[in-house]
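Since the structure comes first, as structure tokens, the remarks are kept for the end.
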Protein chains: 2
Amino acid sequence: MNEISLSLYILHYMKYSIDHKSPVPLHIQAEELLRKMIAEEEYQNGKLLPNEVELAKVLAISRTTLRQAINKLVYEDLLIRKKRTGTKVNNCIVSSKSNNWLSFSQEMKLRGISIKNFELHITWVYPDEMLANFFEIKTDRKVLKMERVRGTSDAPFVYFISYFHPRIGLTGDEDFKRPLYELLEMEYSTVATLSKEEISAHAADDVIANKLRLSNGSPVLFRKRFVFDQGERPIEYNLGYYKADSFVYTVESRR
Amino acid sequence: MNEISLSLYILHYMKYSIDHKSPVPLHIQAEELLRKMIAEEEYQNGKLLPNEVELAKVLAISRTTLRQAINKLVYEDLLIRKKRTGTKVNNCIVSSKSNNWLSFSQEMKLRGISIKNFELHITWVYPDEMLANFFEIKTDRKVLKMERVRGTSDAPFVYFISYFHPRIGLTGDEDFKRPLYELLEMEYSTVATLSKEEISAHAADDVIANKLRLSNGSPVLFRKRFVFDQGERPIEYNLGYYKADSFVYTVESRR
DNA sequence: TTTGTTCATATGTTTGTACATTATAATCAT
DNA sequence: ATGATTATAATGTACAAACATATGAACAAA
């Protein structure tokens, strides 16, 4: 690479730079920087990152240190390396790692996808038999129900229904635009620790089709989620209807 | 560490050793070795791994390389490092083993469902770009393709397509009515160890609808499965189309 | 036209080295 | 005894330097 394009790079990455005097480790700084970089539009379209040696040179860190940062993102499946070609953003639509406990919005943010809340509806309802049973409460004890439709700026792609255990103490006036599990953890010292999920395919009924702007009978991915706290006490029952092809559930298992 | 305890270590790790002449990278070998080590009972009880410099010395690899391996397991949350103390097994997350490794027919049997094979079709085909890439072979090298439709005595409910890596040595004349992973293990000494899966919902196209006796556009649960052996070498690529509501995927995760 | 061959260039692997950080243990002064 | 200090032993961070390997592209030979 010649002087000119090198200085272009320098210019380009001015806004992100590494502070060698900062107490935070260089590879952490580099990681942060990469996360910001790959959130940018141009990288979403499959543009390659600058190659390792050059980028290391520009950031004035060693290639090893840079690789340390890149590797982390590769492991998180946010970047894909290819020999002789380079490293680029893994822009496959939406996916969720099973052991990852990021909230929906956090994960979307990570991938540089901005999400829009289409609907947010809070009510207090009587639980049905099943829910009362799961929460281990009587059916005459009201629980907080949250309905939510979310998607990209273009169109909604998921319809959530959540029920929360009254024990938590939610009033319904909380700011539900905040990441949910953060809210529970910060304000209600309830930590979601265990989740049991059931994933299946369904045909959209009237309600679902309407919410997701689909025609009746369209395929949706349905996820039922039972969430527990540290003491394995039930805290949330969550139903999610995802527009087909908008959500891929990834699971990694080893025996 | 003195001579005696060092040689104890050597003895102890004789069974696991690193082959410097093998084509598989040292850090991969080290990773495998660690996985085996930490599976041992004594390490489950909070026993610390040997410290990095010593272990590196015993295995005759550099500390950096060893750390590469350890880091991967740390990232997977299998190991926990602690300064001044050492690295030990994180035995609190054993639940991920809930991921059953039963084969399809075994699992059905367990549930008391007798299954019927509707179709079983074996061919040799050229892999497409993606498959060749996964198998790390050229697109002109044929691979064994197995198609299979199975269900209850009433109706089919799943359509499988499997591709097997030529390395395994399958001829196509095997008895595919036997449990598949048993066959691979017994006859071809190929042990499926790691599986990465992607689950999503789709609308059935002509082919799928026909195989499963559904109408076009009906919802199906689609599962893509990448299967690897001990050395993380690819051995199978499997596509499964399940009739909606006939299959529920359950996942349990703990953080 | 097809098939090798080579070259350039990207990531991949591995080592050796050095110093920083930090939690604990041992020591010392009070 | 107890609080402060120091030493130690582990991981954490960082660099530079090789060499390995895969692959696209250009070119040459069949």
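Because the structure is predicted, anything quoted here is derived from the model rather than measured. Lettering of chains follows the sequences in order, A, B, ..., and the numbering in each one begins at 1.
Figure legend: K211(B) and Y241(B) shown without cation-pi pairing, the cationic atom not lying both under 6.0 angstrom from the six-membered ring centre and within 45 degrees of its axis.
We find that R225(A) and E236(A) are not joined by a salt bridge, their nearest charged nitrogen and carboxylate oxygen being 4.0 Å or further apart. E32(A) has no carboxylate O lying under 4.0 Å from a charged side-chain N of K36(A), or vice versa, which leaves the two without a salt bridge. Contact check on K57(B) versus E52(B) returns no salt bridge, with no Lys/Arg side-chain nitrogen under 4.0 Å from an Asp/Glu carboxylate oxygen.
When the C1' atom of dA10(C) is taken as reference, atom CZ of R81(A) falls 11 Å away, rounded to whole Å. When the C1' atom of dG12(C) is taken as reference, atom CD of Q68(A) falls 16 Å away, rounded to whole Å. L26(B) places its CG atom 11 Å from the P atom of dG16(C), with the value rounded to the nearest Å. With rounding to whole Å, E52(A) atom CD is found 4 Å from dT11(C) atom P. Spacing between atom CD1 of I28(B) and atom P of dG12(C) amounts to 11 Å, rounded to whole angstrom units. Atom C1' of nucleotide dT15(C) and atom NZ of K57(B) are separated by 16 Å, given to the nearest angstrom. A straight line from NE2 of H20(A) to C1' of dA20(C) spans 16 Å, rounded to a whole angstrom. Following rounding to the nearest Å, L66(A) (CG) and dT11(C) (C1') show an atom-to-atom distance of 12 Å.
The phosphate of dG12(C) (OP1 or OP2) has a side-chain N or O of R67(A) nearer than 4.0 angstrom. For dT11(C), one of the phosphate oxygens OP1 or OP2 lies less than 4.0 angstrom from a side-chain nitrogen or oxygen of T87(A).
Looking at heavy-atom distances under 4.0 Å, T65(A) makes contact with sugar-phosphate atoms alone, never a base.
Residues D19(A) and Q29(A) form a side-chain contact, since some pair of their non-hydrogen atoms from C-beta on lies under 4.5 Å apart. Here the side chains of Q68(B) and P25(B) are not in contact, with every heavy-atom distance at 4.5 Å or above.
Nucleotides of DNA chain D lying under 4.0 Å from heavy atoms of chain A occupy a range whose first and last members, 5' to 3', are dT13(D) to dG24(D).
Aromatic rings from Y242(A) and F157(A) are positioned such that their centres are separated by 6.0 Å or more.
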